[in-house]
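Down below is the structure, laid out as C-alpha cells.
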Amino acid sequence: MEHAPKAIDVTNDVEMRTFNFFTMGIDGHPLGLHLDMAIPTILNNADEEQQKDWLPKAANREFIATYAQTEMGHGTNLKKLETTATYDPKTQEFVLNSPTITSTKWWPGNLGKSSNYAVVMAQLYTQGKCHGAHPFFVQLRDLNTHKPLKGITVGDIGPKFGMNTVDNGFLQFDHVRTPRRSMFMKHAKVLPDGRYVPPVHDKLNYSAMVFIRAAIVSGMAYHLLVTSTIAVRYSAIRRQGEITPGAGEVKVLDYQTQQHRIFPQLARGLAFRLSGQYIMKLYTQTMDDIRNGDISAVPDLHALSCGLKAVTTHHAALGLEQCRMACGGHGYSQASGFPLHYSVAVGACTYEGENMVMLLQTARHLMKIAKAIRAGQSPKSNKIVDYLFHKGPPKCLIDQAYDTNYRNVLESFEHLARRQTLEVYDKLVQLQQQGRNYEQAWNDCAVELCKATRAHVRTFLARTFVEEIDKISDLSIKSVLQDLLQLYLYYEVTECATGLLEDGFMTGQQHKYAKKKIYEALEKIRPNAVSIVDSFDFQDRELHSVLGRRDGNVYENLLKWAQSSPLNKTDVLPFHHKYLGKMMEEARQRSKI
Ligand SMILES: CCCCCCCC/C=C\CCCCCCCCCCC/C=C/C(=O)SCCNC(=O)CCNC(=O)[C@H](O)C(C)(C)COP(=O)(O)OP(=O)(O)OC[C@H]1O[C@@H](n2cnc3c(N)ncnc32)[C@H](O)[C@@H]1OP(=O)(O)O
Ligand SMILES: Cc1cc2nc3c(=O)[nH]c(=O)nc-3n(C[C@H](O)[C@H](O)[C@H](O)COP(=O)(O)OP(=O)(O)OC[C@H]3O[C@@H](n4cnc5c(N)ncnc54)[C@H](O)[C@@H]3O)c2cc1C
C-alpha cells in the first residue's frame, strides 16, 4: 500500500470545482459560452440599464448566449473582422450584415444549435465612419420555436479535433435590424442621432477575452493535475519488468524515467494553479478599477494574461501527452480518459488568442519596458516587471550552499528574462537604424520576442510558486509541496539551460547541479506521489478514466469497459458474413480449383 501522509488541500476549492463545471462541461455543455463569455461581457460591457435588463435573465438562463467574434476569414486580426453593424438614425437601429463568405461567424461555441442569443463583434459604422469592432447583443432564434429569426442563417460547423459534443457554429446576417440599444454601451456609445462616443480605452470591449485568458491558466492547472492523477495512480498499480533481477516485477512508478515524465507535470499543475489564482484576482481587481474610472492596470493585465495563457496552455499540451505516453498501450485507449482531456485542453492553445500572437502581445509590453530601461528610467514599483530594471548577480549562484527561498534560482530566471528582453530590444533598434521600418524589424525579431515573453512568464510563475509555498504554515503539507517546488524550479532551470549557458552566466557544472536537484526531488516525491494526487480528491467521474480509478481496480474494470462496447453486443457482427466471411469462402473455393 502506497505511503499515505496527510491530504493536501490544494485544488479542492470552489473555483476548481467551478472550473470542472466549465471544462468538463465545455465538452458538451450548451451553457459553456453563456457562462464563460456572454455573462462576463454583460458584466463588463453593458451599461446599468442594459445590465438590469439582460443580467437577471442571463443568470436565470431565460436564454442561452454565445460569443460570436471569430469569422471564417479572421480570428486573430480583429481589425479585419468583416461583419458590419451600420447605424440607421431614421429607425434608431443597427443593420447587421455578413458581406462576404469569409465574414461568416465561424467557431463560436454553442452557436450551432443551442444558443438563441449572441454577443456579436461587428465593425461599427455610423455617420459614414467605421469605428472598429464593437460588441452587440443580438437575438438569433425565436425563444419559443428556436427557429432562426429572419435574415439569420445558423448551424453547426461539423466534427472537430475534439470537443465534439460542443456545437461550435456558423452564423450569417442578411441585413438584420437590431435596436440601437443592442450595442453594449458601457464604454462606447452611439447616440440616437448617430453620433459616436468613444470609450476611455479602446480595448475595454475585449474584456471577455481577458477573463477567459486569465481563467485558462487555472484551467490548464486542472488538466495537468487531472492527467497526472491518472498517470500516477496507474503507474502505482502497473507492474512491468524488474529492477533487481529475480526480485519480481516493479511498479512502473519506481522507474526514474517514469517519475521524470510525470512528476514535473504535477509540479507545473500546482505552479499554474497558484499563478491562475493571482491573475484571476488581478482581473477582478482591474474590472473593479475600471468601474471606478481607473484603467491604469489594463495594460499589465493584458500583458500578463496573454503571456500566462500562451505558456501554460503550451506546457499543458506537452504535459498531457507525457502523461498519456507514460501509461503505455492502455494510455492510448479511450478508457484512459487521455483523449478527452487532451482534446479539450489543447484547444486552448488556439482559442482565446492563438499562442504565438499572445506571446507577441506580451512582448509589446516588454519592449516598452526595455525602452524605458535603455532611456535610464527607474522602475514604477510594478512587482511583475520591476526586476527587469535591476542588475542581478553577474554569475549564476544556484549551487551556493544556502539558497534561501530559492533566491539564486529566481535571479537566474530574472537574468535570462532581462538579457533576452534587452537583447531583442537592441536588435529591434539596430534593424530600424539599418533602414527597416518598425513592423518589418518587429517581424524579423518575432521568434526572439516570443523567447523574451517565455522567459518573463517563467520568472513570474516561479516567483509566485516560491512566494505561495512560503506562506504555508502546516509544516507537513509544506514539506511535501517544497519537494514539488524544488522539482519545478530545477526542472525549469534545465528547460532554459541554453539561455543560461549561452552568455556564460551558468556553468556546465551548475547545470549538472540542477539535474542532481531534480533527481533528488523525484526520489523525495515518489513515496508521497499517490497521496498527493489523492489529496486533489478528483471524483472518478471527473477523471473519465479506468486507469485513474481511486480504487485502483484497473484490470477488472478495463475488461468490463471493453465488454460494454457496442461492438461486443454480439459475438459475430453482421458485416462478417456479408464481407469477410464471403471473402474467405470465395478464397477457399478458389484454392480448391
Ligand atoms: C462563476 C465564476 C467562477 C470563476 C471561474 C474560474 C474558475 C477557475 C478555474 C478555471 C476556469 C477555466 C475556464 C477555462 C476556459 C474554458 C472555456 C473556454 C471557452 C472559450 C472558447 C473560445 C472563445 C474564443 O476564442 S473568443 C475569440 C478569441 N479571439 C481572440 O482572442 C482574438 C485575438 N486577437 C486579439 O485579441 C487582438 O486582435 C490582438 C490583441 C492580437 C491585437 O489587438 P488589435 O487591437 O487588433 O491591435 P494591436 O495594435 O496589436 O493592439 C493595440 C493596443 O491595444 C492593446 N490591447 C490589445 N488587446 C488588448 C486587451 N484585450 N486589453 C488591453 N489592451 C489590449 C495592445 O497591447 C496594444 O497596446 P500598445 O500600447 O499599442 O502596445
Ligand atoms: C475549440 C475552439 C473554440 C472556439 N470558440 C470560439 C468562440 O466561442 N467564439 C469565437 O469568437 N471564437 C472561437 N474560436 C476561434 C478562435 O478564437 C480562433 O480560432 C483563434 O482566435 C485563432 O484565429 P484563427 O483560427 O483565425 O487563426 P489565424 O488568426 O488565422 O492564425 C493562423 C496562424 O497564423 C498565425 N498568426 C496569425 N496572426 C499572426 C500574427 N500577427 N503574428 C504571428 N503569427 C500570426 C497564428 O499564430 C496561427 O498559427 C474557437 C476556436 C477553437 C479551436
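Each ligand, and each atom within it, is numbered from 1 in the order the structure gives.
- Checking Y351, W107, W442 against atom 6 (C) of ligand 2, the nearest heavy atom belongs to W107.
- Any N or O atom pair closer than 3.5 Å counts here, and E354 shares at least one such pair with ligand 2.
- The distance from ligand 1 to the heavy atoms of V210 drops below 4.0 Å at these ligand atoms: 61 (N).
- Atoms of ligand 2 lying under 4.0 Å from at least one heavy atom of M356, given by number and element, are 47 (O).
- When ring centroids are compared, W54 and F184 come within the 6.0 Å threshold.
- Listed by number with element, the atoms of ligand 1 under 4.0 angstrom from any heavy atom of V298 are 63 (C).
- Not a single N or O atom of L360, backbone or side chain, sits closer than 3.5 Å to an N or O atom of ligand 2.
- Panel note: side chain N437, backbone E439; a donor-acceptor pair is recorded below 3.5 Å.
- For ligand 2, one of its N or O atoms has an N or O atom of T76 under 3.5 Å away.
- By the definition of a contact as any protein heavy atom under 4.0 Å away, atom 17 (O) of ligand 2 is in contact.
- Although no hydrogens or angles enter the test, the distance criterion places no donor-acceptor pair under 3.5 Å between the side chain of H187 and the main chain of D47.
- In this pair, Y117 and F137 present their aromatic rings parallel. The plane angle is below 30°, not in the 30 to 60° band.
- Nearest-residue assignment for atom 44 (N) of ligand 2 (options V120, I212, V357; heavy-atom criterion): V357.
- Set against the non-hydrogen atoms of S218, the atoms of ligand 1 under 4.0 Å away are 9 (C), 10 (C).
- For atom 33 (C) of ligand 2, the protein comes within 4.0 Å by no heavy atom at all.
- Residue K79 places at least one N or O, backbone or side chain, under 3.5 Å from an N or O of ligand 1.
- For atom 52 (C) of ligand 2, a protein heavy-atom neighbour is found at a distance under 4.0 Å.
- The nearest non-hydrogen atom to atom 26 (S) of ligand 1, considering only H201, E352, Q69, comes from E352.
- A salt bridge links E467 with K383: the closest approach of a Lys/Arg side-chain nitrogen to an acidic carboxylate oxygen falls below 4.0 angstrom.
- Between the side chain of N60 and the backbone N or O of E62 there is no donor-acceptor pair closer than 3.5 Å.
- If you check each of K203, Q277, M163 against atom 54 (O) of ligand 1, the one with the closest non-hydrogen atom is K203.
- Atom 3 (C) of ligand 2 has as its closest protein heavy atom N168 ND2, 3.6 Å.
- Of the protein's non-hydrogen atoms, the one nearest atom 15 (C) of ligand 2 is T70 OG1, 3.3 Å.
- In terms of polar-atom proximity, defined here as any N/O pair under 3.5 Å, Q69 does make such a contact with ligand 2.
- Distance alone, capped at 3.5 Å, places no donor-acceptor pair between the S114 side chain and the P30 backbone.
- With R141 contributing its side chain and H146 its backbone, the two residues share a donor-acceptor pair below 3.5 Å.
- Remark: minimum distance from atom 7 (C) of ligand 2 to any protein heavy atom is reached at P108 CA, 3.3 Å.
- Protein heavy atom at the shortest distance from atom 8 (O) of ligand 2 is G109 N, 3.0 Å.
- Near V357, meaning under 4.0 Å from one of its heavy atoms, ligand 1 places the atoms 41 (C).
- Here is the list of ligand 2 atoms found below 4.0 Å of a heavy atom in T350: 19 (O), 20 (C).
- For atom 49 (O) of ligand 2, a protein heavy-atom neighbour is present inside the 4.0 Å cut-off.
- Residue M209 approaches ligand 1 through these ligand atoms, each under 4.0 Å from one of its heavy atoms: 28 (C), 29 (N), 30 (C), 31 (O), 32 (C).
- Here the side chains of E48 and K52 are in contact, with some heavy-atom distance below 4.5 Å.
- Residue contacts with ligand 1, taken as heavy atom pairs separated by less than 4.0 Å, involve Y67 solely via side-chain atoms from C-beta onward.
- In this structure, the side chain of R418 engages the main chain of Y387 through a donor-acceptor pair within 3.5 Å.
- Under a 4.0 Å N-O distance rule, the pair K380/D386 does not qualify as a salt bridge.
- A donor-acceptor distance shorter than 3.5 angstrom exists from the side chain of K309 to the backbone of G353, with no hydrogens or angles considered.
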- Message: Using ring-ring contact (aromatic ring centres under 6.0 Å, His included), reason through F538 and Y222 one step at a time and then give a plain yes or no.
- Response: CA-CA 10 Å; F538 291 125; Y222 179 90; 5.5 Å; yes

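- Between the side chains of Q265 and Q322, no donor-acceptor pair of N or O atoms lies under 3.5 Å.
- Within the set G75, S343, G347, the minimum heavy-atom distance to atom 23 (O) of ligand 2 is found for G75.
- Comparing M220, M37, K368, H302 against atom 71 (O) of ligand 1, the shortest heavy-atom distance belongs to K368.
- Polar contact check, D36 against ligand 1: no nitrogen or oxygen pair lies under 3.5 Å apart.
- In the candidate list Q361, H74, H365, Q361 is nearest to atom 66 (C) of ligand 1, counting heavy atoms.
- By the 4.0 Å heavy-atom criterion, E354 is excluded from the residues contacting ligand 1.
- We find that E352 and R213 are not joined by a salt bridge, their nearest charged nitrogen and carboxylate oxygen being 4.0 Å or further apart.
- Relative ring orientation between H341 and H223 is described as perpendicular, the plane-to-plane angle rising above 60° on a 0-90° scale split at 30° and 60°.
- For a threshold of 3.5 Å applied to N or O pairs, the pair formed by N77 and ligand 1 contains no separation below that value.
- Set against the non-hydrogen atoms of Y67, the atoms of ligand 2 under 4.0 Å away are 7 (C), 8 (O), 9 (N), 10 (C), 11 (O).
- The aromatic ring centres of F211 and Y283 sit less than 6.0 Å apart.
- Note that the CZ atom of F173 and the OG1 atom of T153 stand 10.0 Å from one another [nearest 0.5 Å].
- Any N or O atom pair closer than 3.5 Å counts here, and T76 shares at least one such pair with ligand 1.
- No hydrogens or angles considered: a donor-acceptor pair under 3.5 Å links the side chains of Y196 and H134.
- For the residues G75, G353, A297, A348, the heavy atom positioned nearest atom 32 (C) of ligand 1 is part of G75.
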